[in-house]
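Have a look at the structure below, then the notes.
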Amino acid sequence: MPSLLFCGPKMAACGIVISIWGVIMLAMLGIFFSAKSAMLIEDVPFTEADMRNDKNPPQVIYGLYNQVGINCFIAAAIYVAVGAVSLCQVRLNKRQEYMVT
């Protein structure tokens, strides 16, 4: 039977730690972007043309804030998946330690 084990115990533990950090950070960024935090305006991708061509410029900026917030939530979900894979690797490594070959 082929083994699904592809990384060692230290790398799997590191993956879990990085995933937890990534989920917390990106979820908080997603919340702050969705709340349209003024401190994050530098991270919103807009140009002067976006504001000149629209009759209601704040709505364009708010839409970009929401899009960046959604992107942060998607990245946090990817980190959750990486954390789940790392957790499975930790469990497979623990099981490998107790098996007699």
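Taking both residues in full, the closest heavy atoms of L64 and P45 are given as CD1-O, 3.5 Å, listed atom of the first, atom of the second, then distance. Here the closest heavy-atom approach between residue V82 and residue S19 is recorded as CG1-OG, 3.6 Å. Here the closest heavy-atom approach between residue A27 and residue A76 is recorded as N-CB, 4.2 Å. Residue C72 comes nearest to F33 through the heavy atom pair SG-CD1, 4.0 Å, listed as atom of the first residue, atom of the second, then distance. Looking at every heavy atom in both residues, A12 comes nearest to S86 through O-CB, 3.5 Å.
Using modelled atom types, no side-chain atom of N66 and backbone atom of I61 make a donor-acceptor pair closer than 3.5 Å. A donor-acceptor distance shorter than 3.5 angstrom exists from the side chain of Y65 to the backbone of S37, with no hydrogens or angles considered.
Side-chain contact check for V60 versus F46: every heavy-atom pair is 4.5 Å or farther apart. In this structure, L26 and W21 have side chains that are not in contact, with every pair of non-hydrogen atoms separated by 4.5 Å or more.
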Chi angles and distances behind the side chain to side chain donor-acceptor pair (under 3.5 Å) call for N93, Q89: CA-CA 6 Å; N93 277 311; Q89 291 298 304; 5.0 Å; no

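L87 CG to I16 CD1: the interatomic distance, rounded to the nearest 0.5 Å, is 5.0 Å.
No continuous path of ILVMFWY side-chain contacts below 4.5 Å connects F73 to I78, so the two sit in separate hydrophobic clusters. By the rule that hydrophobic residues join a cluster once side-chain heavy atoms approach within less than 4.5 Å of another member, I74 and V68 end up as members of separate clusters.
The stretch residues 21-49 participates, sequence neighbours left out, in these salt bridge (charged side-chain N to carboxylate O under 4.0 Å, His left out) pairs: E48-R52.
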